[in-house]
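Below: one structure, written as structure tokens.
Just so we're clear, the structure is a prediction, and the values are computed from it rather than from any experiment. Only this structure's heavy atoms are used, side chains among them; waters, hydrogens and symmetry mates stay out.
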Amino acid sequence: QVQLVESGGGLVQAGGSLRLSCAASGRTFSISNMGWFRQAPGKEREFVSAINWSGGRTYYSDSVKGRGTISRDNAKNTVYLQINSLKPEDTAVYYCAARTSYGNNLDARNYNYWGQGTQVTVSS
């Protein structure tokens, strides 16, 4: 089992920045990739970003490409997501996820473990 705990959400003004953290514990050696997804009210959960746990290859959705940076600290078993130039449409609950298999990192169905989520609200 892998446990994930997110932190770093909050209320931010448009144009500001936020850094989310996700600390993993448990069988972290089994993690292949970690990702961030978000879900806004009334909308489906959508992919935001992902990172390969060992090699560091990164993936971004078009909505955050150029504004977001995902990184990892393997020593701390923590992955980070920084988003700059925040927009009101970035408002959502952000979820950290981990997977133990390889394949399409953009599909939420491929992730085995999920955090509880952290709320990000961007005011205009």
Side-chain angles (χ1 to χ4, degrees):
Q1 294 288 332
V2 174
Q3 294 78 41
L4 303 173
V5 178
E6 304 102 332
S7 61
L11 176 63
V12 185
Q13 285 192 331
S17 299
L18 205 61
R19 190 175 84 153
L20 306 178
S21 301
C22 175
S25 60
R27 297 172 61 91
T28 57
F29 61 86
S30 65
I31 296 174
S32 61
N33 293 271
M34 290 189 70
W36 287 96
F37 291 78
R38 68 187 182 187
Q39 188 166 18
K43 295 187 177 181
E44 292 187 355
R45 190 169 299 190
E46 65 171 358
F47 169 79
V48 177
S49 184
I51 187 166
N52 175 262
W53 196 239
S54 58
R57 182 176 178 179
T58 58
Y59 308 81
Y60 296 97
S61 66
D62 289 341
S63 61
V64 301
K65 194 171 294 182
R67 300 189 295 126
T69 302
I70 190 170
S71 60
R72 78 203 191 288
D73 184 332
N74 293 76
K76 296 182 179 180
N77 291 324
T78 299
V79 65
Y80 305 96
L81 176 67
Q82 174 145 350
I83 305 178
N84 301 320
S85 303
L86 283 160
K87 308 173 184 179
E89 49 265 44
D90 292 318
T91 296
V93 177
Y94 283 70
Y95 296 92
C96 174
R99 61 180 300 182
T100 57
S101 60
Y102 291 89
N104 183 0
N105 282 321
L106 279 63
D107 191 338
R109 295 172 297 181
N110 292 331
Y111 287 80
N112 315 64
Y113 304 101
W114 292 85
Q116 295 288 77
T118 184
Q119 177 71 46
V120 172
T121 303
V122 183
S123 63
S124 57

Nearest 0.5 Å, please: how far is [atom2] in [Y] from [atom1] in [X]?
X: Asn104; Y: Asn110; atom1: CG; atom2: CG; result: 6.0 Å
X: Thr118; Y: Leu81; atom1: OG1; atom2: CG; result: 11.0 Å
X: Ser30; Y: Asn112; atom1: OG; atom2: CG; result: 7.5 Å

Between [X] and [Y], which heavy-atom pair has the shortest distance, and what is it?
X: Ser85; Y: Arg67; answer: O-NH1, 3.1 Å
X: Thr91; Y: Val122; answer: OG1-N, 2.9 Å
X: Ala24; Y: Met34; answer: CB-CE, 4.4 Å

Would a distance-only check, ignoring hydrogens and angles, find a side-chain to backbone donor-acceptor pair under 3.5 Å from [X] to [Y]?
X: Glu6; Y: Cys96; answer: yes
X: Thr78; Y: Lys76; answer: yes
X: Arg57; Y: Trp53; answer: no
X: Thr28; Y: Ser25; answer: no
X: Gln1; Y: Arg27; answer: no

- Query: Are Tyr60 and Val79 linked, directly or through other ILVMFWY residues, by side chains that come within less than 4.5 angstrom of each other?
  - Reply: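 Yes, Tyr60 and Val79 fall within the same hydrophobic cluster.
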- Hey, quick one: are Leu86 and Val64 part of the same hydrophobic cluster, counting side-chain heavy atoms closer than 4.5 Å, chains of contacts allowed?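 As far as the 4.5 Å side-chain criterion goes, Val64 and Leu86 are connected within one cluster.
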For residues 12-22, please give each side-chain donor-acceptor pair under 3.5 Å, one per line with the distance, not counting sequence neighbours.
{"from": "Ser17", "atom 1": "OG", "to": "Asn84", "atom 2": "OD1", "distance (Å)": "2.9"}

- By side-chain hydrogen bond (donor to acceptor under 3.5 Å, both in side chains), which residues pair with Ser7, not counting sequence neighbours?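 For Ser7, no residue satisfies side-chain hydrogen bond (donor to acceptor under 3.5 Å, both in side chains) once neighbours in sequence are set aside.
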Quick one: are [X] and [Y] in side-chain contact, heavy atoms under 4.5 Å?
X: Ile31; Y: Asn33; value: no
X: Tyr95; Y: Gln39; value: yes
X: Phe29; Y: Val2; value: no

- Task: Evaluate the criterion salt bridge (charged side-chain N to carboxylate O under 4.0 Å, His left out) for residue pair Lys87 and Asp90; output intermediate values, then yes/no.
- Result: CA-CA 5 Å; Lys87 308 173 184 179; Asp90 292 318; over 6 Å; no
- Query: Do we see a donor-acceptor contact under 3.5 Å between the side chains of Asn105 and Arg99?
  - Reply: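 Per modelled atom types, Asn105 and Arg99 side chains form a pair under 3.5 Å.
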- Item | Side-chain hydrophobic cluster, 4.5 Å single linkage: members besides Leu11 |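 Same cluster as Leu11: nobody, lone residue.
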- Message: Taking salt bridge (Lys or Arg N to Asp or Glu O under 4.0 Å) as the definition, give me every residue that meets it alongside Asp107, ordered by chain and number, with sequence neighbours left out.
- Response: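 For Asp107 the salt bridge (Lys or Arg N to Asp or Glu O under 4.0 Å) partners, ignoring immediate neighbours, are Arg109.
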- Query: For Ala108, which residues count as a side-chain contact (heavy atoms from CB on, under 4.5 Å) partner, sequence neighbours excluded?
  - Reply: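 Here the qualifying residues are Phe37, Trp114.
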Taking distance alone, no hydrogens or angles, what donor-acceptor pairs closer than 3.5 Å link side-chain atoms of residues 45-52 to residues at least two apart or in another chain?
{"from": "Glu46", "atom 1": "OE2", "to": "Arg38", "atom 2": "NE", "distance (Å)": "2.5"}
{"from": "Glu46", "atom 1": "OE2", "to": "Arg38", "atom 2": "NH2", "distance (Å)": "3.1"}
{"from": "Ser49", "atom 1": "OG", "to": "Tyr59", "atom 2": "O", "distance (Å)": "2.8"}
{"from": "Asn52", "atom 1": "OD1", "to": "Ser54", "atom 2": "N", "distance (Å)": "3.3"}
{"from": "Asn52", "atom 1": "OD1", "to": "Ser54", "atom 2": "OG", "distance (Å)": "3.1"}
{"from": "Asn52", "atom 1": "OD1", "to": "Gly55", "atom 2": "N", "distance (Å)": "2.5"}
{"from": "Asn52", "atom 1": "ND2", "to": "Ser32", "atom 2": "O", "distance (Å)": "3.4"}

